[in-house]
Amino acid sequence: MALSEQELVRRNSLNELRKLGINPYPAEGYVVNVTASEIKEKFLADNTLFQEVSIAGRIMSRRIMGAASFVELKDSTSRIQLYFKRDDVCPKEDKTLYNTVFKRLLDMGDFIGVTGYVFTTKMGEISIHVTSFRLLSKALRPLPVVKEKDDKTFDAFTDPEMRFRQRYVDLIVNDPVKEIFIKRTKIINSMRSFLNDHGYLEVETPILQAIPGGASARPFVTHHNSLDIPMYLRVANELYLKRLIVGGFEGVYEFAKDFRNEGMDRTHNPEFTQMEIYVAYKDYNWMMSFTESMLEKIALDVHAKTDVVFEKNTISFKAPFNRVPILQAIKDHTGIDLNGKSAEECLEAAKSLGIEVDESMGKGKLIDEIFGEKCEHHYIQPTFITDYPVEMSPLCKRHRENPELTERFELMVNGKELANAYTELNDPIDQLERFEEQVRLAEKGDDEAMWIDTDFIRSLEYGMPPTSGMGIGIDRLVMFMTNNSSIQEVLFFPQMKPEPKKFIPKPEDFITIGVPQEWANYVIAAGFSSTKELKEQKASKVHQILNGYRKKNKLDIPALKIEEVEAWF
RNA sequence: GAUUUGGUAGCUCAGCUGGUAGAGCAUUUGACUUUUAAUCAAAGGGUCCUGGGUUCGAGCCCCAGCCAGAUCACCA
C-alpha cells in the first residue's frame, strides 16, 4: 500500500528532526512529577502550587497563533492544555525549536515531555505555561480527529470495526472507553477481595484439556505434537475445581477464560471469562445469599450505590434478591401449573402457549423452553430462578424434596442469565448415570460429541463433601455494571475475523526480474502489485501500460523499449 | 446459518434519472503573542471494499464474494 500524503509528510518530518540532531525515539525515560488530573484537582484551590511541573503525554490538538500556541496534552489520567510562547521556549536568538521543530515537525499524536508552570488563561482554563519541551516519540500515522464543544462530540470515531480492530486508537481518541476497562478491573478486584476475605483459595486449572467437560458446548480443537493426540480448549473448569474439593480444599475459585466454538454475536465471544467457585459443606441456599451479597458489594465498590442503570432500567443489586422456583415462574406468567404433570401434559401446555415443540423433547426440555419463551424476559431485577428439571442439569444434585428437580439456581438480571449454581452432585453412581444419559441424548441429536470424564467420576468415588458451586459470567457482569449491551464493548480485543492481508508490493521484487531501478516504483504505481500479476500480461501490453503511465505522469525518464520489457518475462 | 443495512480522502459523511468524485475537520503554505470545534487566505489529497456483468459510459444498475453492524435462529 502506498503511504498517504499525511504519512509521507510525517516521515519527512522524522528525517528533518534527525538532521537537526533530534532523536524522534529517544532511549532515556522522562521524569514526570505530576499528572494532568492532579493539576486540575488541586490548582483551583491553591494557585501557588505546580510552579515547576514536568509532565509527559500525547498531543491531542494544536491551535497555533504565530508566536504562541495552545496544545492539548493527554496523559494516562486526563487532558491538560499547554501554552507555548516562542520567546519562552527559545529565549535566545535561534527560534528553530519553536518555528521549525514545534510548529512544523511535531504533529497531533506525538508524545512530548514538557516543563513549565501552571496558570489560568483569560478563558479560565487551567494550563501549563511551557518553558521547555522534548520530543519523546513521533507518531507516523494520523489519529482520527475528534473535537468537542459544550459536551457535543464532532466527527466521533465510531466505526465499530475500526474501534475493535484498532482498540488502541479507540482508547486514545474515545476517553469513555478507558473508563469501561478501569471499571472492569475494579469489578474483578472487588470480587476477588470478597472471595479472599471469605478465606477461599484462588487456583489455576488446565486450559488445555484432553476431555473438555463441565458444559455441553462445542470446544476448540488443537493438537499436541509429541503426544500426537487432539487436545481441547476448556469450555468450563467445573470438573477440575471439584477435584480440588475432593482433594480437601474448603473453597476454591478461579477466574477462568473459557472457550466455546459457537456463534458470535452481541453477547457471545468465542473466549469469555467466568468466575467459578466451589465451597464444601454448603448448599445452593447458602450460595444464593453468598452471591447476592457479593454482587451488592461489587455494585457498591464500583458505583457507591446499589442501583445501577442499564439501558432503560434501573437495576437494584441490594440484597436479598427474589427467589422463584421455575415452576412457580411458569405459573406466574402463563397461569399453568406444571407441578407433578407428566411429559405429555407438559407437551400440551407448551403447544397451547404457541411454543415450537417436537416429540423428542423431554419434560425438562419443555419446561426450559416455556421458561425461556414466556418468563425469562420478565426478570429485570436480580432474581434467583430455582429448582430446574433434572434433565437440564447433569452435574447438579436432585432436589431434596422432589427427585425430578435439582437444587439449582440461575440468577436472572435484565432478563438474562448472569450466574448459575448448584448443590453439586457428589453421588458418583448417579453422576455416571447422568453422564451416560447425556451421551444417549447427544447421540439422538448427534450434533455434539460428548465425553465422559472417567477420572472425574473416579475422584467422586473417593468421596466429595457436600458442596455448592457457582459460576458467574464476568463479561456479562461488566456489561451490566457499565451499561453496555454489547460484549465487544467490555473486551479489549473482541474476536474479529482476520483482516484480509494486504499485499504490499516491494520494488525490489521487480528489480529482481530485471525492471530498472528508476522504473520499479512506477511499475507498482501503474497498477502491478506483484511480478506474477505483471507476467500474466503480454509483454506488449505491459510495455503499453507503462509507457502510457510515463506519458500521463510526464515522468522524466526514458521510455521503455519493447525488448527491455520482453526481457522481464 | 437466515434476513437486513452499510463499506467513497487520514477521520466523519454527502453524492442527482447512470454522464469528468464533493463538504467539514485533518494535511501543506502564508497571516496572527491567552486560544479552545480558534480564526482568516490559498493549495494538495481518491484502487468509490474486491471480482465479474449490463451500457457508448457505472460510486450509482445486475450477479458473485469479502468485512462489519443490527435483527432472528443456534447455544442442556
Side-chain angles (χ1 to χ4, degrees), chain A residues 1-10 12-13 60-72 79 81-88 98 103-104 107-109 119-125 127 129 139-165 169 173 215-218 235 260-268 270 356 361-362 364-365 367-369 372 388-396 406 408 410 417 420 434 437-438 441-442 445 447-448 450 485-486 488 494 496-500 502 524-527 529:
Chain A
M1 271 304 264
L3 294 173
S4 71
E5 183 200 16
Q6 293 191 48
E7 287 173 295
L8 289 172
V9 167
R10 286 173 183 233
N12 279 336
S13 303
M60 296 307 289
S61 74
R62 300 200 299 167
R63 291 181 288 276
I64 296 176
M65 292 156 295
S69 303
F70 290 91
V71 165
E72 196 183 11
R79 299 175 185 226
Q81 180 170 271
L82 308 179
Y83 175 61
F84 283 73
K85 198 163 144 188
R86 182 177 59 205
D87 296 339
D88 289 348
Y98 182 83
K103 273 170 71 175
R104 202 157 60 76
D107 291 287
M108 276 172 55
F119 73 110
T120 307
T121 65
K122 274 183 193 162
M123 303 301 289
E125 178 149 351
S127 309
H129 191 125
L140 294 183
R141 281 178 190 263
L143 287 170
V145 183
V146 179
K147 296 198 172 187
E148 273 179 41
K149 168 152 185 162
D150 302 332
D151 284 338
K152 266 184 284 180
T153 305
F154 298 84
D155 299 335
F157 178 66
T158 51
D159 178 10
E161 176 162 8
M162 281 201 285
R163 285 185 51 231
F164 300 149
R165 284 197 199 279
V169 177
V173 153
S216 83
R218 273 176 290 181
V235 295
R260 294 188 181 177
N261 204 341
E262 278 154 15
M264 293 157 62
D265 60 33
R266 213 171 73 252
T267 54
H268 297 263
E356 267 185 59
M361 283 178 171
K365 181 76 185 160
I367 289 172
D368 194 56
E369 286 289 320
Y388 282 67
V390 68
E391 294 95 321
M392 319 303 296
S393 318
L395 295 159
C396 186
T406 54
R408 171 181 185 179
E410 284 192 5
E417 176 192 344
N420 185 5
R434 300 253 210 116
E437 173 68 7
Q438 290 297 307
L441 285 175
D447 79 326
E448 279 171 21
M450 290 292 294
S485 54
S486 156
Q488 293 164 307
M496 307 284 274
K497 285 201 192 177
E499 270 181 281
K502 280 193 185 126
I524 293 167
S529 57

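Below, all heavy atoms of this structure are taken into account, side chains as well, without hydrogens, waters or symmetry copies. Numbers restart at 1 for each chain; the letters A, B, ... are given by sequence-line order, proteins then strands.
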Open item on the list: Tell me which nucleotide, if any, is Watson-Crick or G-U wobble paired with B:rG57 when both distances must be under 3.5 Å.
Closed with: none
Open item on the list: Just to be sure I understand the rule, does A:K122 reach a base, reach only the sugar-phosphate, or reach nothing, if contact means heavy atoms closer than 4.0 Å?
Closed with: base
Task: Whole-Å distance separating the CZ atom of A:R163 from the P atom of B:rG10 - done: 21 Å
Open item on the list: Suppose we define a pair by two distances each less than 3.5 Å, Watson-Crick or G-U wobble; what does B:rA21 pair with here?
Closed with: none
TODO: Under a 3.5 Å limit for both distances, which nucleotide forms a Watson-Crick or G-U wobble pair with B:rA2, could you say?
DONE: B:rU71
Task: Residue closer to the 5' end of RNA chain B, A:A156 versus A:I64 (nearest nucleotide) - done: A:A156
Open item on the list: Given B:rA38, B:rA76, B:rG10, identify the nucleotide with an atom nearest to the side chain of A:K147.
Closed with: B:rA38
Open item on the list: For the backbone of A:C396 and the side chain of A:R434, can you confirm whether one donor and one acceptor N or O come within less than 3.5 Å of each other?
Closed with: yes
TODO: Between B:rU36, B:rG69, B:rA76, spot the one nearest the side chain of A:F164, thanks.
DONE: B:rG69
Task: Which residue lies more 5' along RNA chain B, comparing A:E148 with A:E369 via nearest heavy atoms - done: A:E148
TODO: Any strand is fair game: report the nucleotide pairing with B:rA37 by Watson-Crick or G-U wobble, both distances under 3.5 Å, or none.
DONE: none
- [ ] Look at the side chain of A:P160 and decide which nucleotide, out of B:rA68, B:rU33, B:rA26, has an atom nearest to it.
- [x] B:rA68
Task: For A:F164, all residues meeting ring-ring contact (aromatic ring centres under 6.0 Å, His included), sequence neighbours excluded - done: none
TODO: Spell out, as yes or no, whether a donor-acceptor pair under 3.5 Å connects the side chain of A:R408 to the backbone of A:M392.
DONE: yes
Task: Among B:rU34, B:rU36, B:rU27, the nucleotide that comes nearest once only the side chain of A:M65 is considered - done: B:rU34
Open item on the list: Are the side chains of A:Q488 and A:M496 in contact, using a 4.5 Å heavy-atom criterion?
Closed with: yes
